Amino acid sequence: MASAAAAALLLLVSSFAFLSSTTVAAFDYPPLVDGLSFDFYKSTCPSLKSVVRSYLQQAFKNDVGLAAGLLRVHFHDCFVQGCDGSILLDGSAGGPSEKNAPPNLTLRPTAFKAINDLQALITKACGQVVSCADITALSARDSVFLSGGPDYEVAVGRRDGLSFATTNDVLKFLPAPSSNVTVLINALNQLNLDTTDLVTLSGGHTIGIGHCTSFQNRLFPSQDPSMDKTYAKNLYATCPAVNTVNTTVLDIRTPNTFDNKYYVDLMNRQGLFTSDQDLYTDKRTRDIVTSFAVNQQLFYERFVYSMTKMGQLNVLTGNKGEIRKNCSAMNTGSKFLWSVADGEGEIKGF
Ligand code: HEM
Ligand SMILES: *[C@@H]1O[C@H](CO)[C@@H](O)[C@H](O)[C@H]1NC(C)=O
Ligand SMILES: *[C@@H]1O[C@H](CO)[C@@H](O)[C@H](O)[C@H]1NC(C)=O
Ligand SMILES: *[C@@H]1O[C@H](CO)[C@@H](O)[C@H](O)[C@H]1NC(C)=O
Ligand SMILES: *[C@@H]1O[C@H](CO)[C@@H](O)[C@H](O)[C@H]1NC(C)=O
């Protein structure tokens with residue numbers, strides 16, 4: 001009797017512990033770079049978080065895939081010359097006006113539109129004080145949270161860049177989905193992200209879709225032996241020939257939920273890209289995959305840590321960069337600033 005009650009109490013306590021550990025205070029954050037802080041807009045835009053969250057809550061009801069689109073935009077922004085909103089510019093490689101991007105680079109047009117719509121709402125509420133790079137980071141957070149993942153604080157204070165993302169930057173820093181772990185580790189090391197960050201951030205593939213061209217290297221000319229047979233059969237039905245234009249989900253178990261099932265997929269040899277499945281095949285990363293597959297809370301904790309790290313890559317702060325009026329375009333005249341600026345070499349690519 002007493003021990004049953006004690007067990008029930010323990011269960012109660014531990015479920016509360018679980019609940020409270022999903023709140024902000026429980027997360028470990030890496031040190032923040034100078035100029036970024038959690039309360040940067042506390043006085044200049046107190047309604048920022050609620051404006052973003054209520055807009056996206058509604059938007060995801062109409063289009064669940066938008067969450068994946070927004071999360072991926074933040075990742076691309078940060079990997080390609082830093083989280084400075086350059087990926088949002090019309091005319092940037094991978095940006096909203098990019099017409100001839102290879103499929104492995106396609107970002108959803110709806111994500112760019114959502115960021116512009118959000119900016120209009122934020123400007124209405126607070127004036128032109130919040131950067132597009134910060135709106136992108138906040139949108140990524142809400143994509144995670146509103147898809148069932150952890151809620152966490154986003155360090156803000158980024159400013160928007162004054163240069164376009166070039167195709168060279170994109171090719172240099174964004175690894176291809178056909179990459180093995182060696183290539184991925186090296187790609188992330190260039191950005192001071194380690195092997196644990198690699199496995200953790202790849203968990204972003206718990207939501208969203210991929211095109212056949214991003215994984216056909218595993219189907220043609222022959223089936224990748226590391227792929228589950230039944231899973232392969234289904235992929236051949238979706239992509240019967242080379243260059244079929246079709247898509248499939250990245251996480252077959254829970255395609256629209258931000259959880260740890262992506263890692264369970266990998267353990268069952270049902271990862272979609274080479275860059276996913278090799279995380280389980282390769283001895284250097286296999287144990288990290290397993291640890292997340294069996295412990296979702298551990299994945300959430302690591303994800304918040306690694307996302308915060310990624311979100312601080314080469315940010316512009318203080319009086320560098322600008323606060324854009326329109327996330328798709330640099331402010332009028334700002335492209336001429338370089339001629340009067342102090343020559344720090346921030347401007348390139350046009
Ligand atoms: C580690 C290297 C990574 C590679 C090689 C990679 C590659 C890709 C590729 C090829 C696609 C599908 C594109 C398409 O065919 O339409 C994709 C989708 C996606 N990626 Fe990654 N990715 C990586 C890391 C990340 C990271 C760090 C995140 C975020 C934390 C992320 C989030 C996403 C999301 C959410 C989608 C789905 C997008 C949508 O449905 O529109 N990826 N990724
Ligand atoms: C993307 O795909 C193209 C071919 O469509 C390939 O040339 C390129 O190397 C790939 N690169 C990256 C970084 O995704
Ligand atoms: C990983 O890919 C690179 C580039 O394609 C290749 O040179 C290397 O041999 C591969 N490594 C392993 C362990 O498969
Ligand atoms: C696209 O995938 C769906 C579902 O997997 C499949 O039924 C359809 O035949 C595929 N389309 C093409 C053009 O192969
Ligand atoms: C924002 O900039 C883009 C690119 O220059 C332009 O096409 C668009 O009309 C602008 N939007 C607004 C609301 O001014």
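Both counts, for ligands and for their atoms, begin at 1 and track the order of listing. Since we're looking at a predicted model, the values are computed, not measured.
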Passes side chain to side chain contact (heavy atoms under 4.5 Å, CB included), Met330 versus Lys325? Steps please. CA-CA 8 Å; Met330 286 179 251; Lys325 264 206 256 323; over 6 Å; no
Step by step, would you call Thr166 with Asp169 a side-chain hydrogen bond (donor to acceptor under 3.5 Å, both in side chains)? CA-CA 5 Å; Thr166 67; Asp169 294 332; 3.1 Å; yes
Would you check, one step at a time, whether the test side-chain hydrogen bond (donor to acceptor under 3.5 Å, both in side chains) holds for Gln270 with Arg253? CA-CA 10 Å; Gln270 295 158 328; Arg253 285 182 168 69; 2.8 Å; yes
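The only member of Asn256, Thr257, Asp251 that meets side-chain hydrogen bond (donor to acceptor under 3.5 Å, both in side chains) when paired with Thr254 is Asp251. The one candidate from Leu219, Thr247, Thr248 that meets the side-chain contact (heavy atoms from CB on, under 4.5 Å) condition with Cys239 is Leu219.
For Val183, every heavy-atom contact with ligand 3 shorter than 4.0 Å involves the side chain, none the backbone.
The six-membered or imidazole ring of Tyr29 lies away from that of Tyr305, with a centre-to-centre distance of 6.0 Å or more. For Phe292 and Tyr300, the ring centers are positioned 6.0 Å apart or more.
Annotation: salt bridge (charged side-chain N to carboxylate O under 4.0 Å, His left out) contacts of Asp39 (sequence neighbours excluded): none.
Atoms of ligand 5 lying under 4.0 Å from any heavy atom of Ala329, numbered from 1 in the order shown and given with element: 2 (O), 5 (O).
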Which N/O atoms of ligand 4 sit under 3.5 Å from a protein N/O, and at what distances?
| unit_1 | atom_1 | unit_2 | atom_2 | d |
| --- | --- | --- | --- | --- |
| ligand 4 | 2 (O) | Asn246 | ND2 | 2.4 |
| ligand 4 | 5 (O) | Thr238 | OG1 | 2.8 |
| ligand 4 | 11 (N) | Asn246 | ND2 | 2.7 |

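Some N or O of Asn180 is nearer than 3.5 Å to an N or O of ligand 3, by distance alone. In terms of N/O distances under 3.5 Å, ligand 5 is not approached by Ser328.
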